[in-house]
Number of protein chains: 2
Amino acid sequence: MTDIEKTLENKSVRPTAMRILIYKYMAEKEIAVALTDIENAFEKAERTTLYRTLKTFEEKGIVHQIDDGTNISKFALCEPGCNCELDQDLHLHFHCSNCDKTVCLTEHKIPHINLPTGYIAEDANLVIKGICDTCSQH
Amino acid sequence: MTDIEKTLENKSVRPTAMRILIYKYMAEKEIAVALTDIENAFEKAERTTLYRTLKTFEEKGIVHQIDDGTNISKFALCEPGCNCELDQDLHLHFHCSNCDKTVCLTEHKIPHINLPTGYIAEDANLVIKGICDTCSQH
DNA sequence: CATTAAATGCACTACAGTTGCATTCATAAT
DNA sequence: ATTATGAATGCAACTGTAGTGCATTTAATG
Ligand SMILES: [Mn+2]
Ligand SMILES: [Mn+2]
Ligand SMILES: [Zn+2]
Ligand SMILES: [Zn+2]
């Protein structure tokens, strides 16, 4: 049994062939991926299966969904120990307006924000847009 | 000439009947509105006209577009003196998961964030999700 | 009134997201 | 080993937002 299979089983997700492929694909990519990215990476992939796989992964805390402002949902593997299903891993995300990639800045947490009276915060999303490290070198 | 007409002309936007109506509608609403909200508010409204009106308003700095994480673009009137077309009015937004409304917290600016080396910030979007002041009272 | 450009209305496209249902597959019980 | 069961997948279709092309109407100008 491979590491990926173990990871999936630990999260109560049956390690099917497609799920393992998707997990591996996301692990190799260092950036957040869209449904369409995965679809294009595997010629034989069925959009619905990918969609439901990502949904399952998200529900089981394997990936987290990212809204980077492009109106296309991105997904990234959760770090080990990340409890984002409890909204307790509020790291920020960076979207490069040049190469269009979105990355997790897992070490950079969203600072605490004081809200007006009556407002109760449950979750937060912070996206910085700009030029990524790769693009700024050229 | 009404105040609204003056405001539009000051921003080099011709104050047509529909534009005045849309502006008035947004001014009366205290919350951010979606294209569909406006469409439903005026039976006779043409979706394309609303779409292009909001686009014009945004280009001329009359409204700013808000990505509140719902994947439905919202719009809100800019405060007087807001220069959001220069990405210099980085206030945060609050989205209520109960009543689904989105509000500008114009007094609450997005704190400065230190990024890893090589990353250049140009814009930022911070959305807090939770329970709004109205919903938390009940 | 005639000219001209902006604004609007209508039709249609593009695409991410989503769902229903039939089929296949894996697992566990018999 | 066979069968029963539910999960996973494949296929088709639908939804809703966003966006574009083009003809027509409207408003400003001389
Ligand atoms: Mn992330
Ligand atoms: Mn705002
Ligand atoms: Zn880049
Ligand atoms: Zn509310």
Side-chain angles (χ1 to χ4, degrees), chain A residues 1-2 4-9 11-25 32-60 62-76 95 100 102, chain B residues 1-2 4-6 8-25 32-60 62-76 95 100 102:
Chain A
M1 173 135 54
T2 69
I4 292 179
E5 286 175 280
K6 275 182 213 154
T7 306
L8 294 181
E9 294 219 325
K11 300 277 190 175
S12 320
V13 171
R14 235 196 263 176
T16 66
M18 199 62 217
R19 286 173 173 172
I20 294 170
L21 282 176
I22 294 174
Y23 190 101
K24 193 183 289 183
Y25 173 76
V33 298
L35 187 60
T36 308
D37 296 329
I38 309 178
E39 201 181 8
N40 294 336
F42 305 100
E43 274 308 308
K44 246 188 82 185
E46 224 290 320
R47 189 169 184 82
T48 314
T49 303
L50 303 179
Y51 171 76
R52 286 196 262 238
T53 298
L54 288 173
K55 209 171 175 184
T56 301
F57 279 11
E58 195 199 0
E59 283 162 7
K60 296 303 172 68
I62 296 169
V63 305
H64 59 281
Q65 190 169 359
I66 303 163
D67 169 20
D68 61 8
T70 62
N71 274 345
I72 298 171
S73 287
K74 306 283 168 57
F75 298 86
H95 176 74
D100 198 47
T102 298
Chain B
M1 177 137 50
T2 69
I4 293 179
E5 285 176 279
K6 275 181 210 156
L8 294 180
E9 294 219 325
N10 284 342
K11 301 278 189 174
S12 320
V13 171
R14 235 196 264 176
T16 67
M18 200 63 217
R19 286 172 172 173
I20 294 170
L21 282 175
I22 294 174
Y23 190 100
K24 192 183 292 185
Y25 172 76
V33 297
L35 187 60
T36 307
D37 296 330
I38 308 178
E39 200 181 7
N40 294 334
F42 304 100
E43 274 309 308
K44 247 189 82 186
E46 226 291 318
R47 189 172 184 82
T48 314
T49 303
L50 303 179
Y51 172 76
R52 286 196 263 239
T53 297
L54 287 173
K55 208 171 176 186
T56 301
F57 278 11
E58 194 199 0
E59 283 162 7
K60 297 302 173 68
I62 296 170
V63 304
H64 59 281
Q65 191 169 357
I66 302 164
D67 170 20
D68 61 9
T70 61
N71 275 345
I72 298 171
S73 287
K74 305 285 167 62
F75 298 86
H95 177 73
D100 199 48
T102 298

More 5' along DNA chain C: B:T48 or B:R14, using each one's nearest nucleotide?
B:R14
Starting from the 5' end of DNA chain C, give me the residue, B:N71 or B:A45, whose nearest nucleotide shows up first.
B:A45
Are any non-hydrogen side-chain atoms of B:K24 and B:I4 less than 4.5 angstrom apart?
yes
Rounded distance (Å) that lies between atom C1' of C:dT8 and atom CD of B:E39
15 Å
For D:dT9, does either OP1 or OP2 sit under 4.0 Å from a side-chain N or O belonging to A:K55?
no
I'd like to know whether A:T7 forms a side-chain contact (heavy atoms from CB on, under 4.5 Å) with A:E9, so could you lay out the CA-CA distance, the side-chain angles of the two residues, the decisive distance to 0.1 Å, and finally the verdict.
CA-CA 6 Å; A:T7 306; A:E9 294 219 325; over 6 Å; no
Steps toward side-chain contact (heavy atoms from CB on, under 4.5 Å) verdict (B:H95, B:D100):
CA-CA 6 Å; B:H95 177 73; B:D100 199 48; 3.1 Å; yes
Measure from CG on A:L54 to P on C:dT19 and round the result to the nearest Å.
15 Å
Between A:N40 (side chain only) and A:T36 (backbone N and O only), is there a donor and an acceptor less than 3.5 Å apart?
yes
Separation of C:dA16 atom C1' from B:D67 atom CG, nearest Å, is 15 Å
Kindly say whether B:T2 contributes a backbone atom to a donor-acceptor pair with the side chain of B:E5 at under 3.5 angstrom?
yes
Using atom CG of B:L35 as one end and atom P of D:dG19 as the other, report the distance to the nearest whole Å.
10 Å
For A:E46 and C:dG17, give me the distance from atom CD to atom P, rounded to whole Å.
15 Å
D:dT25 C1' sits how many Å from B:K44 NZ, rounded?
13 Å
Side-chain N or O of A:S73 closer than 4.0 Å to phosphate OP1/OP2 of C:dG17:
yes
Using a cut-off of less than 4.0 Å, is there contact between a side-chain N or O of B:R47 and OP1 or OP2 of C:dG9?
no
Walking DNA chain D from its 5' end, the first of B:Y51 and B:P15 to be reached, judged by nearest nucleotide, is B:Y51
Report yes if a donor N or O on one partner sits less than 3.5 Å from an acceptor N or O on the other, where the partners are the side chain of A:R52 and the base of D:dG10; otherwise report no.
yes
Whole-Å distance, A:L50 CG to C:dT18 P, equals 14 Å
Expressed in angstrom and rounded to an integer, what is the separation of B:I72 atom CD1 from D:dT15 atom C1'?
12 Å
Using heavy atoms to find the nearest nucleotide of DNA chain D for B:K74 and A:A17 separately, return the residue whose nucleotide is more 5′.
A:A17
Pick base, sugar-phosphate or nothing for B:T36, based on heavy-atom distances below 4.0 Å to the nucleic acid.
sugar-phosphate
Confirm from the modelled atom types if A:T16 and C:dC25 form a donor-acceptor pair under 3.5 Å, side chain to base only.
no
